[in-house]
Amino acid sequence: MIIFVMRHGEAEPYKQDDQSRHLTRFGVSQSEHAAKWMAKQLDAHSPLKQVDLTLVSPYVRTIETLGAVEQFMSIRKTIQTSAITPDGNANDVQDLIDGELLQDNSIKCLLVISHMPLVSLLSDVVCHGFNARIFDTADVLMINYDFERSSGSQLGFYQSLT
C-alpha cells in the first residue's frame, strides 16, 4: 500500500493562536503542485486512482492544504484528528494508521497532512532509514508500506516550490 506523508503549505506568520493560521497564496500554490505530483504518482502505480483515507490535523492550514489537494485528487474518506498536530507522537500516529488499516482492508492509499516536526518523525518511524529529514512546506514523502511488518520504504520525495 502507499502512504503519502505531507507537510501543509506555507502559512501566514506565527501568531498567538497557532491553530488558526491560514495558508498564504503561495502556500495554496505549493499544495496544488504537490497534489499534482501525488496524482501523477498514483497514476504510475495503477490501479490506485484515489486516496482511500486522509488523516488531517484540525489546524486551519492543514484543512486548507487538504482543500487544495482535493482539487487534483479523489479522496474517499477524511478523518480530522488532533493526534497529528505539531506535538503529536510519531509512534502513536503509526498505531493510528495501523488501526485504520486493520479496520478497513480496502485502504490501498493513505495520505497524512500534518506539521513539522511530526511529519519528519513519523516518516522516520514508518520508513526506516529516512533519518528524520526536515520537510519544507508542502514537501511529500511517498512510502511503500507493508502493513504486516508495520514498516515501509521510500518510493519518492517531492520537494515543493520555495
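Residues: numbered from 1 along the sequence shown.
Hydrophobic cluster of Val60: no remaining members, since no ILVMFWY side chain lies below 4.5 Å from it.
Partners of Asp98 under the side chain to side chain contact (heavy atoms under 4.5 Å, CB included) rule, at least two apart in sequence or in another chain, are Gln94, Leu101, Tyr145, Phe147, Ser150. For Ser153, the side chain to side chain contact (heavy atoms under 4.5 Å, CB included) partners two or more places apart in sequence, or in a different chain, are Asn144. Residues passing the side chain to side chain donor-acceptor pair (under 3.5 Å) test with Thr137 are Gln30, sequence neighbours excluded. Residues satisfying the side chain to side chain donor-acceptor pair (under 3.5 Å) criterion with Glu12, sequence neighbours excluded, are Lys15. Contacts of Thr85 classified as side chain to side chain donor-acceptor pair (under 3.5 Å), with partners at least two apart in sequence or in another chain: Asp87. Residues meeting the side chain to side chain contact (heavy atoms under 4.5 Å, CB included) test with Leu66, sequence neighbours left out: Thr54, Val56, Glu70, Ile75, Thr78, Ile113. Among residues two or more places apart in sequence or in another chain, the salt bridge (Lys or Arg N to Asp or Glu O under 4.0 Å) test is passed with Asp146 by Arg149. Remark: Ala90 engages Leu118, Leu121, Leu122, Val125 in a side chain to side chain contact (heavy atoms under 4.5 Å, CB included) (not counting sequence neighbours).
In this structure, the side chain of Thr65 engages the main chain of Gly9 through a donor-acceptor pair within 3.5 Å. A side-chain donor-acceptor contact under 3.5 Å links Ser120 to the backbone of Arg133. For the pair Arg61 (side chain) and His8 (backbone), a donor-acceptor distance under 3.5 Å is absent.
Counting only residues at least two apart or in different chains, ring-ring contact (aromatic ring centres under 6.0 Å, His included) contacts with residues 57-114 comprise Tyr59-His115. Applying the ring-ring contact (aromatic ring centres under 6.0 Å, His included) test to every pair with at least one member in residues 85-110, sequence neighbours left out, gives no pairs at all. Screening residues 28-57 for ring-ring contact (aromatic ring centres under 6.0 Å, His included), with sequence neighbours left out, gives Trp37-Tyr158.
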### Task
With salt bridge (Lys or Arg N to Asp or Glu O under 4.0 Å) as the test, would you mind laying out the steps for Lys108 and Asp52 before giving the verdict?
CA-CA 7 Å; Lys108 302 294 182 226; Asp52 298 306; over 6 Å; no

### Message
Ser106 vs Arg76, test: side chain to side chain contact (heavy atoms under 4.5 Å, CB included). Steps then yes/no.
### Response
CA-CA 11 Å; Ser106 71; Arg76 182 170 52 103; 3.4 Å; yes

### Task
Show your working on side chain to side chain contact (heavy atoms under 4.5 Å, CB included) between Val5 and Val126 and close with a plain yes or no.
CA-CA 10 Å; Val5 178; Val126 170; over 6 Å; no

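Separating the OG atom in Ser123 from the CZ atom in Phe157 is a distance of 7.5 Å, to the nearest 0.5 Å.
Residues Met73 and Val28 do not share a hydrophobic cluster, defined by chaining ILVMFWY side chains whose heavy atoms lie under 4.5 Å apart.
For the residue pair Pro117 and Pro86, the shortest heavy atom distance occurs at CD-O, 3.3 Å.
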